[in-house]
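Every chain is numbered from 1, with letters handed out A, B, ... down the list of sequences.
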Number of protein chains: 2
Amino acid sequence: MATGRNHRPATSRSRGIPDATVARLPLYLRALTALSERSVPTVSSEELASAAGVNSAKLRKDFSYLGSYGTRGVGYDVEYLVYQISRELGLTQDWPVVIVGIGNLGAALANYGGFASRGFRVAALIDADPAMTGKPVAGIAVQHSDELERVIEENGVSIGVIATPAASAQPVADRLVAAGVTSILNFAPTVLSVPEGVDVRKVDLSIELQILAFHEQRKSGELPDDGRAVPGTDIGEDAGGGVTGSPVAPPAASVTKRTASAAPAATDRRGDEPGNDGDLPAVMPA
Amino acid sequence: MATGRNHRPATSRSRGIPDATVARLPLYLRALTALSERSVPTVSSEELASAAGVNSAKLRKDFSYLGSYGTRGVGYDVEYLVYQISRELGLTQDWPVVIVGIGNLGAALANYGGFASRGFRVAALIDADPAMTGKPVAGIAVQHSDELERVIEENGVSIGVIATPAASAQPVADRLVAAGVTSILNFAPTVLSVPEGVDVRKVDLSIELQILAFHEQRKSGELPDDGRAVPGTDIGEDAGGGVTGSPVAPPAASVTKRTASAAPAATDRRGDEPGNDGDLPAVMPA
DNA sequence: ATGTCTTTGTGAACGCGTGCACAAAGATAG
DNA sequence: CTATCTTTGTGCACGCGTTCACAAAGACAT
Ligand SMILES: NC(=O)c1ccc[n+]([C@@H]2O[C@H](COP(=O)([O-])OP(=O)(O)OC[C@H]3O[C@@H](n4cnc5c(N)ncnc54)[C@H](O)[C@@H]3O)[C@@H](O)[C@H]2O)c1
Ligand SMILES: NC(=O)c1ccc[n+]([C@@H]2O[C@H](COP(=O)([O-])OP(=O)(O)OC[C@H]3O[C@@H](n4cnc5c(N)ncnc54)[C@H](O)[C@@H]3O)[C@@H](O)[C@H]2O)c1
């Protein structure tokens, strides 16, 4: 979630592809690539939609934003569509990427094949810990933070991945931006502030789990209690260096005396399907 | 993004909290927790919104769905709100979780502190590789896949995390569901099919990067080429990596006769390159 | 050519999410 | 108790995204 302004001047009216559509293109591409490997020549919107897990009407509308690449009565040419989507997403070019913070997660990311398989090339692995410098991870020697700016400039890196502790995320983001990076994928649980023109997308495992927990709670019985009732189980422990941490403490109702029954007994509305369709997976860049 | 059905009868009108709001609650909770640690008693919607990186009006509306916990002229009581949101998200209770696939990513997740800090407890680590069995990861001994059902039942696990290669994701999901899991967090790049009533959320690094690439491409110059134009243009730039094997070659728009399509880039590279575990979907239309 | 059958492309309706703007609630001062 | 000032809670309008439903484009058969 980009911290700075989050405006949408709707300036993108002419050739702009809807954000929701852009977010689905990679999904279609993946399905198409699989078909391509099986040498399937064409595919109908119905089949492809099924493979991508979406509605066929939605898929057709999405493709309509790219132009008319289908043939009525037949479907879409797989190879041609793979190319068109790849081009639209900018995957026909090479994107050098730097990963900052080579800890548990950073190392896993460096080893991840999903990078290279789509035109993303790990240009460098950066870590502030001197003990890490020179150490090979996924076949690449880790470089010290001091090299950050140089690496970015020399390789023309425009995409950076942050996998440092939360406390270091903002400073790292600032350096990345100052050095020329204009797109950041942030794994640290923090809201980053970046100047306009810089895109930030975040991946937060903790948030995903919390959303699941919410739905899970709905499925099996109602809320724990009215809320101002007894203190709940307290959950302590926390990983070091997180903005998070303090255990869930029972209420404290201060300020003005909380008139009781603030929580309106959740009416057991069962119509609410568990389908978490609407939830946005991540963030929509500005 | 649930894979299975994705409808929204809109039946949820009374007590249902909007999905978009639910997705933001963890964000507010994080900001509030930080304030709580600094012993800040109250906070205004403006301040909190800023800390969470959202619009203040949006935040107030979100909170309005939970009830009226604020005090006009003053703001919100931090401790009280932390408790209310935690309760709403179901964090006042303990959620045992199983992680399946203890490879690079799975191990990182097991070591992640964000789990425990919010009521999520790693009940077990499961891996199919016999060599991994018994091996301690993050202080927990890895168990063989055979133990999956037993572990789920004995611990009452309802949330499962999949970090196996894409090809194994669906089978693992099936077993998880059969054993009683009703919420799945999937890290494998595949569309999962699950019965109604089971929530699936996915985290796909590759998709995030592709979305960033799309915007990045827009920022610096337009598309490589019109695309609809005659193929053969030097778009063939295509970095060595290319999009998953098929060398993103401008396929001819065989709108009518698709002859050569039968022999399209005969999957030359085998998914062994330092990055191609199983990125491709194994799911096919019914 | 003409007819039939399949599947695309999209107009239109609808619902959700966002953000503005403001009345009202309540704190605080006099 | 009254006045003023701060900040919430929300009615309302708007735009985006989703989905339906269907005309028409084109393949294919005769
Ligand atoms: N491990 C996970 O599964 C997981 C999941 C979601 C989010 N996260 C988040 O990702 C981040 C990293 O997690 P982790 O488990 O890998 O932590 P980690 O402690 O294992 O690794 C962090 C690494 O960052 C380096 N680092 C610290 N400050 C730095 C700086 N200023 N510049 C460059 N490098 C710096 C450290 O030397 C260390 O190697 C954390 O913010 C965590 O909350 C982790
Ligand atoms: N590493 C990353 O940063 C990253 C990022 C995004 C997505 N992913 C995806 O996450 C998944 C795991 O990635 P990884 O890098 O950890 O891969 P990995 O190969 O290191 O680990 C996979 C693990 O799963 C185990 N496994 C295989 N089949 C299994 C089964 N049926 N049941 C239980 N365990 C099984 C393997 O023994 C192995 O230990 C992949 O699908 C990958 O595409 C990884």
To the nearest 0.5 angstrom, please state how far the [atom1] atom of [X] sits from the [atom2] atom of [Y].
X	Y	atom1	atom2	result
A:Thr33	A:Arg38	OG1	CZ	12.5 Å
B:Lys202	B:Phe187	NZ	CZ	12.5 Å
A:Ser158	A:Ile184	OG	CD1	11.0 Å

Note to self: Does this structure show an ion pair linking B:Arg60 with B:Glu46, if we count only N-O contacts that are shorter than 4.0 Å?
What the structure shows: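 Looking at B:Arg60 and B:Glu46, the cut-off is not met.
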Check: Going by atom types alone, do A:Glu216 and A:Ser220 pair a side-chain donor with an acceptor below 3.5 Å?
Finding: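 Their side chains do not contain a donor-acceptor pair, so the 3.5 Å distance test is not met.
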Next item on the list: Check for a donor-acceptor pair, side chain of A:Gln170 on one end and backbone N or O of A:Ser193 on the other, with a separation under 3.5 Å.
Entry: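 Such a contact is found between A:Gln170 side chain and A:Ser193 backbone.
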Just the rounded figure in Å: distance from [atom2] of [N] to [atom1] of [X].
X	N	atom1	atom2	value
A:Leu59	D:dT19	CG	C1'	14 Å
A:Asn55	D:dA21	CG	P	12 Å
B:Asp77	D:dT7	CG	P	16 Å
B:Lys58	C:dC16	NZ	P	17 Å

Checklist line | Helix axis bend for the helix from C:dA1-D:dT30 to C:dG30-D:dC1 - C1'-based end axes, five pairs, 10° rounding | finding: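 End-to-end axis angle for the helix from C:dA1-D:dT30 to C:dG30-D:dC1: 10°, rounded to 10°.
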Next item on the list: Give the C-alpha distance, both sets of side-chain angles, the deciding distance and a yes or no for ring pair (Phe, Tyr, Trp, His ring centres under 6.0 Å) between A:Tyr69 and A:Tyr80.
Entry: CA-CA 8 Å; A:Tyr69 299 142; A:Tyr80 188 63; 5.3 Å; yes
Notebook entry, point to check: Just wondering, do B:Leu29 and B:Val82 contact through their side chains at under 4.5 Å, heavy atoms?
Noted result: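 Yes. Closest side-chain heavy atoms under 4.5 Å.
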Next item on the list: List the protein contact pattern of nucleotides 8-14 of chain C with one symbol per nucleotide (5' to 3'): B for base contact, S for sugar-phosphate-only contact, - for none; contact means a heavy-atom distance under 4.0 Å.
Entry: BBBBB--
